[in-house]
**Q** 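Handing you a structure now.
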Amino acid sequence: MAGYGARVRDRGPSNAEVAAKCKEYLFPSAATYYDEPVALESGTGMRVRDYDGRTYLDFFGGILTVSVGHANSEVNARVRGQMDRLGHVSTLYPTLPIGDLAEKLVQLAPLGLGKAFFCTSGTEANETAVTLAQTHTGEAEIVALRHGYSGRTIAAQALTGNSKYRPVTTQLAGVKHAHAPYCYRCPFGLRYPSCALKCAEDIEELIQTTTAGHVGAIIIEPILGVGGFITPPDGWLRLAVDVVRKYGGVFICDEVQTGFGRTGKMWGIDHEGVEPDVMTMAKGIANGYPLGAVLAKAPIAASWKAGNISTFGGNPISCAAAAATIGVIESENLVHNAAAMGEILRQGLDALKAKHSAIGDVRGRGLMQGIEIVRNEKEHDRTPDVEITLSVFEEAKKRGLLVGRGGLYGNVLRIAPPLIVGRRDVDDAHEILDASLAAAGR
Ligand SMILES: Cc1ncc(COP(=O)(O)O)c(C=O)c1O
C-alpha cells in the first residue's frame, strides 16, 4: 500500500482552502463527504490526488461514473480530437458522434430497444422515460420503489423513495411506491425463498387499491444504488414486471448505476432475463463526461408526438467520450474483469463480515458491493449504526481509500471501483477496510 495517503504538498492552494471556497459559494445542500472534505486536484487510473498531495485509491469513481479509470488516455484522445472538430450543435442537427453512439447502444442493449434519445444526466433520462411511458400508455400513474432513487427534478424526486432527497412535498400526482425487495430488512418480516416473493406480489394489491386499476409503468433499478445497493432476490424482478404489465404498464429499467459492465454483465438487467421496454443510462456511459440516454422500443419512442429538443443532449464531445469509454470496456474485456474482480471483492467482504460484528449484510453484484453497518449482527441487533459507519468511512479515508455511503439510514458503505481495478487494489481495499473496522471498534 506504499504511497496511499502520503502527503506530498507542492505549490498551489491547500485542500482546506479549496474546500472553504466551495463551501462559501456553493449551495449548502450540495454536501460533500468527510469531516474534512477531500478536495480533488487530479487523478490517473485507480488513483486520485488531493490539493495537499495525498493520494487515494478510488473505490467510488465519482459515484460509479469513472468506469475506465481517471484520465483514461483513449477517452482523452477522443475528446481532444472531437473538441478540435466540433464542440456543439444540439439535437437539432445530426452528427456522426450521436448517430454512431445511438447505433452502438442499440447493438449493446437488450433486444428490441431500437431507438435512442440523448440528454445530459440520469435525472433527465428518467424524466424522459416516464413521460414516454405516459404518452405511450395514456396512463399517468407510475409504480416506483421505496428506497429507490431517480434523480433531482420535480418528477424524479416524486419517483424517489427516500425522504432525504425530497426537499418539498410530492409535486407529481400518481406515483405509487411499492415495497423494495430489501431482504435484509424484509418489509413483511419474511425470509427468502419461503416468502414466495410477497413484496413483488403485493404490487398487484398496490395497483388494485391505490390506482385507477391501470398504470403507465414501473421504474426499477436492477440494484437500488442510492438505497444502499439493495439487490433483489432471484425471480423478484420478473414477477414485479409481470404484475405491472398485466395492468397495462411498461417496464422502465434504470441502468444509471448498473449499466456498462458494473455488475459483471453489460447491464444489470442481464442477470434477470427480463426485457425492458424503456431503459435509462448515464454515469458510467462516458467516464464522467455529462451524458444521459434513453433507449426504447420503436413504437414507444414514436408515441412522443410533441416537440423534444435537448440543447446539450448528444453533445458531440460527450458522445465521443462515450464511444471511447465503451471501446475501452470492450477492448480490455472490462465486463469480464468486473465479474472476476467483483467475485474476489465479494469473497473478501464476506470474510470481513465473519470477523466484524458491525457488518450486518454484504450484497451486490460484480463491482457494486455494499456492506450494511449495524449495531451488532452477531447478537442479532440490526439497528442501523450511522456512527460506526461514519467512523469506518473516515478511517478508510485516513488510510487512503475512498468509498461511498448510502442507504435510507446512511449506514451502507458503497464499494464500486472503476472497472479497471486489479487484484492488488482489491487486496489493498480489503486490508484498509479491515483495519478501519477494527479502528472504529468493531
Ligand atoms: C439509479 C439512479 N438513477 C438516476 C440518477 C440521477 O442521475 P444524475 O445524478 O445523473 O441526474 C442516479 C444518481 O445517482 C441514480 O443512481
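Whatever order the structure lists ligands and atoms in, that order sets their numbers, starting from 1. Along the sequence shown, residues are numbered consecutively beginning with 1. Since the structure is predicted, the reported quantities are computational estimates derived from the model, not experimental observations.
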**Q** Answer yes or no: does an N/O atom from Ala282 fall short of 3.5 Å to an N/O atom of ligand 1?
**A**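 No; the residue has no nitrogen or oxygen that sits under 3.5 Å from a nitrogen or oxygen of the ligand.
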**Q** Looking only at distances, please establish whether an N/O atom of ligand 1 is found under 3.5 Å from an N/O atom of Lys283.
**A**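 Such a contact does occur with ligand 1.
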**Q** Ignoring angles and geometry beyond distance, decide whether Thr123 reaches within less than 3.5 Å of ligand 1 through its nitrogen or oxygen atoms.
**A**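 By distance alone, the answer is yes.
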**Q** Any idea which protein heavy atom is nearest atom 3 (N) of ligand 1, and the distance to it?
**A**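 In this structure, atom 3 (N) of ligand 1 has Asp254 OD2, 2.8 Å as its nearest protein heavy atom.
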**Q** Under the ring-ring contact (aromatic ring centres under 6.0 Å, His included) test, which residues partner Tyr93, sequence neighbours left out?
**A**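 Per chain and number, Tyr93 pairs via ring-ring contact (aromatic ring centres under 6.0 Å, His included) with no residue.
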**Q** Between Tyr149 and Asn162, do the side chains contain an N or O donor and an N or O acceptor separated by less than 3.5 Å?
**A**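 Absent: no donor and acceptor within the cut-off.
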**Q** So, Tyr192 versus Trp236, ring centres under 6.0 angstrom or not?
**A**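 Ring centroids of Tyr192 and Trp236 are no less than 6.0 Å from each other.
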**Q** Is Arg47 salt-bridged to Asp425, cutoff N-O under 4.0 Å?
**A**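 Counted as a salt bridge, because a side-chain N and a carboxylate O are separated by less than 4.0 Å.
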**Q** Determine whether the aromatic ring centres of Tyr33 and Phe393 lie less than 6.0 Å apart.
**A**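 That pair passes the under 6.0 Å test.
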**Q** Can you tell me the protein heavy atom closest to atom 10 (O) of ligand 1 and the distance?
**A**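 The closest one turns out to be Gly122 N, 2.9 Å.
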**Q** Under 4.0 Å from a heavy atom of Asn126: give me the atoms of ligand 1 that qualify, with their elements.
**A**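 Answer, ordered by atom number: 3 (N), 4 (C).
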**Q** Return the closest protein heavy atom for atom 16 (O) of ligand 1 as residue, atom name and distance.
**A**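 Ranking protein heavy atoms by distance from atom 16 (O) of ligand 1, first comes Gln257 NE2, 2.8 Å.
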